[in-house]
Amino acid sequence: MSAGKLKLVLQDGSEVEVEHGISARELAEQVDGDLAAKAIAAKLDDEIIDLTRPITRPGKIRFLFEDDGDEDSLYVLRHSAAHVLATAVRSLWPNAGIGFGPPIAEGFYYDFDVEQPFTPEDLERIEARMAEIVAADQDFERREVERGEAQQLFSDDPYKLERLEEIEEGDVISVYRDGDFLDLCRGPHLPSTGRVGNYKVLHAAGAYWRGDERRPMLQRIYGTSFFENSHLEEHLRRLEEARRRDHRLLGKELDLFSIQEDVGPGLIHWHPKGAMIQFVLRRFLEDELLRRGYEFVYTPHISRETLFRRSGHLQGYSEVMFPAMEMEGEKENYRVKPMNCPGHMAIYASRQRSYRDLPVRYAEIASDYRNEKSGTLHGMLRVRGLTMDDAHIFCRPDQVEDEIYAMLDLADYIYGTFGLRYRLDLSTRPAKRIGSDEVWDEAEDALRSAVERRELTYAVDVGGGAFYGPKIDVKFLDAIGREWQGSTIQLDFVLPEKFDLNYVGADNQKHRPAMIHRAIYGTFERFVGGLIEHFAGAFPVWLAPVQVGVIPVSDELDEPARAVQQALLDAGLRAELDNRSETLSYRIRDGELQKLPYLAVVGKREADGGTVAVRRRGADQKQLVIPVAQFIEQVAEEDRSRALI
RNA sequence: GCUGACGUAGCUCAAUUUGGAAGAGCGGCUGAUUUGUAAUCAGCAGGUUGCGGGUUCAAGUCCCGCCGUCAGCUCCA
């Protein structure tokens, strides 16, 4: 090959020889003029590049298009939309400082340093100005500059200068211009602003520069964009759907729980119906735990600080712990527990253990209290009083993998029963850690092979583990595709040391057991909050706080209706009688709004025939008149089988 | 914790812009109605406008502090 020529492999596998420095667009034109017009960017091996970017190395190249459904295409679009947003803001607020403006999972944002936070009206003006910029169809021009010139160009932009400092010597510094707006940016971008199609400015909120609470707060504007208007509309519909499912609203409408100012933020009152859901979840899990060799323990809610000093919580976790309770005449203060592990350690340590006893699996459903920062509290999802389905497993090092495997199996069974799909994150050793590399190797290998034995796919969060051990997080997906934190499985090298836990091995020597923290639901607060949103409040029979609403047509039918209710209760089902002095229609409507799975109407005909007129929630079908016994068996079977309909 | 917005009856919201008698619907209670598949009718009760200060002849409305909620940041089960 002659000097100044490059070999590129096209998507169809054919090879072309091109001039060194040819742009992707020129290449596209050589192949097909139509292609050049339609392409929005190109991908050289794994690097997305602008169409105008000179190609200076051989590789595989393919073009990105608006309609290829490729994540990378959306990435380029949203990145460009973020720039259009910044262009608009800069034209309306010429002195606005600019921070970062990346594409994110569902759209993009851009951070600005402005005197006054943006108001909703500002956002409308910005969106309108964006439309002008898109209509003007300004080219995105890329240019590579020397460090000195870049410093010159961004001399008024301290955030960009800071970013510039971090670009290593020898790395390319690129800037992009569209119209009057110039940004330090790696790119790539669409060919021009006119290609930014369907976008929406969503909301604004404060965000620390670089996520650091000690640094200035910038104003972040969130937006999203799509190539297809129908996709944008679908996305906005999904946001609306998420609002409709909000567990805080449903929790009020369905009378599941409340949070009260006089009691304190982040403290959940489980009303009878919400408590029933928790009760069902508990019973389900507890039965399963017994089957799987767990033992239940109960530990105090408060204890002397001695315990938390020993566990290290006082030193490392105190900012999250509620303040000390002073006891008159006692040297030691008391604390309310933020976790259950110290208590379980204490039980393990209370007597000698033989290797024959292991694994020991202690389970406790217990409420813990953590003084979470006020701004992080959110309904049932982030609270200060949290009820974990906690367990600690003590085992020999060679048992770790099997124990992890068993936990994954349990999580799979539980989540499967709820119809929840999930994925795993494996978090490995962080830079700051305790324990030798050999111990970490062994621990991480155990986690990995347990996951792989179950043939589960997982993502690795390198360096994401706690300083005391690696972990697996289970993230479940709800009905509209959102991820929720569920189970967490956490190896711990520290606590067994701190509590000097040991067992006597077959060699008659003392050994240190391995210890695993794990929760399956995580916390009842968060899990139930998630379930409310997943089911949009329409719980399947086995979870529904009230499974059947029994409605007599009129006063004279109270007794037969009450008999139906009692028969349901006798069958272990949850039934309510609605004999209010309201019309039948009214009570049916109310039952539907309360999302009761079944309404059973008892009229004269039913009372005489020993039947009920059954109305299934949400079903289009007409009511079904069936014998009471048959109806009860149907509901009981649905309850027993934990059917998800 | 930080930034901003918000806080009116049990709930959802008017009245706040421009200071001048706190309102509606739903829900609740009482009565009438006895109902056949998504709202029967009437009457009544219900508010120290989150809490505490301040400005003013007058504050739901303007100012300050606190509490709480929301959107995020950070953090996390």
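First the proteins, then the strands, lettered A, B, ... as listed; each starts at 1.
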Looking across every strand, which nucleic acid part, if any, lies under 4.0 Å from [X] by heavy atom: base, sugar-phosphate, or nothing?
X: Y222(A); answer: sugar-phosphate
X: R248(A); answer: sugar-phosphate
X: M217(A); answer: base
X: S487(A); answer: nothing
X: G522(A); answer: sugar-phosphate
X: S585(A); answer: sugar-phosphate
X: V383(A); answer: base
X: R615(A); answer: base
X: I551(A); answer: nothing
X: Y208(A); answer: base
X: K604(A); answer: base
X: E582(A); answer: base
X: Q485(A); answer: sugar-phosphate

_Can you give me the closest heavy-atom contact between E592(A) and G618(A), atom names plus distance?_
OE1-N, 3.8 Å
*For G375(A) and for E606(A), locate the closest nucleotide of RNA chain B by heavy-atom distance; then report the residue assigned to the nucleotide nearer the 5' terminus.*
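With G375(A) and E606(A) compared, the 5'-side residue is G375(A).
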*Toward the 5' end of RNA chain B, by each residue's nearest nucleotide, G603(A) or R526(A)*: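 The answer here is G603(A).
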*Not counting sequence neighbours, which residues clear salt bridge (charged side-chain N to carboxylate O under 4.0 Å, His left out) with R248(A)? List them please.*
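For R248(A) the salt bridge (charged side-chain N to carboxylate O under 4.0 Å, His left out) partners, ignoring immediate neighbours, are D246(A).
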*Step by step, would you call T523(A) with T387(A) a side-chain hydrogen bond (donor to acceptor under 3.5 Å, both in side chains)?*
CA-CA 5 Å; T523(A) 65; T387(A) 310; over 6 Å; no
*Could you tell me from which nucleotide to which nucleotide of RNA chain B, 5' to 3', there is an atom under 4.0 Å from chain A heavy atoms?*
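Under 4.0 Å from chain A, the extent on RNA chain B is G1(B) to A77(B).
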Provide the distance between the two [atom1] atoms, one in [N] and one in [M], to the nearest whole Å.
N: G68(B); M: A39(B); atom1: C1'; answer: 34 Å
N: G31(B); M: A24(B); atom1: P; answer: 24 Å
N: G23(B); M: U8(B); atom1: C1'; answer: 10 Å
N: C67(B); M: C26(B); atom1: C1'; answer: 29 Å
N: C2(B); M: U16(B); atom1: C1'; answer: 28 Å

*Check whether any side-chain N or O of Q547(A) sits under 3.5 Å from a backbone N or O of V541(A) as a donor-acceptor pair, and report yes or no.*
yes
_Between W93(A) and F118(A) (judged by ring centroids, cut-off 6.0 Å), do the two rings come close enough to count as a pair?_
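That pair passes the under 6.0 Å test.
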*Between F112(A) and Y110(A), is the gap from one ring center to the other below 6.0 Å?*
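Judged by ring-centre distance (under 6.0 Å), F112(A) and Y110(A) do meet the cut-off.
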*asked:* By the salt bridge (Lys or Arg N to Asp or Glu O under 4.0 Å) test, which pairs, at least two apart or in different chains, include something from residues 211-220 of chain A?
replied: D111(A)-R220(A), E162(A)-R215(A), D212(A)-R214(A), E213(A)-K373(A)
*Go ahead and write out RNA chain B as dot-bracket, 5' to 3': ( ) for pairs within the strand, [ ] for ones crossing earlier pairs, | when the partner sits on another strand, dots for unpaired; Watson-Crick or G-U wobble, both distances under 3.5 Å.*
(((((((..((((......[..)))).(((((.......))))).....(((((..]....))))))))))))....
*asked:* Looking at F524(A), I'd like to know if the NZ or CZ of R282(A) sits under 6.0 Å from its six-membered ring centre while staying within 45 degrees of the ring's axis.
replied: yes
_Which residues share a ring-ring contact (aromatic ring centres under 6.0 Å, His included) with H83(A), sequence neighbours left out_ =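 Here the qualifying residues are H79(A), F181(A), H189(A).
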List, one per line, each side-chain donor-acceptor pair under 3.5 Å for residues 529-537 of chain A, sequence neighbours excluded.
residue, atom, partner, partner atom, Å
E533(A), OE1, R482(A), NH1, 3.1
E533(A), OE1, R482(A), NH2, 3.0
E533(A), OE2, H247(A), N, 2.8
E533(A), OE2, H247(A), ND1, 2.8
H534(A), ND1, A479(A), N, 2.8

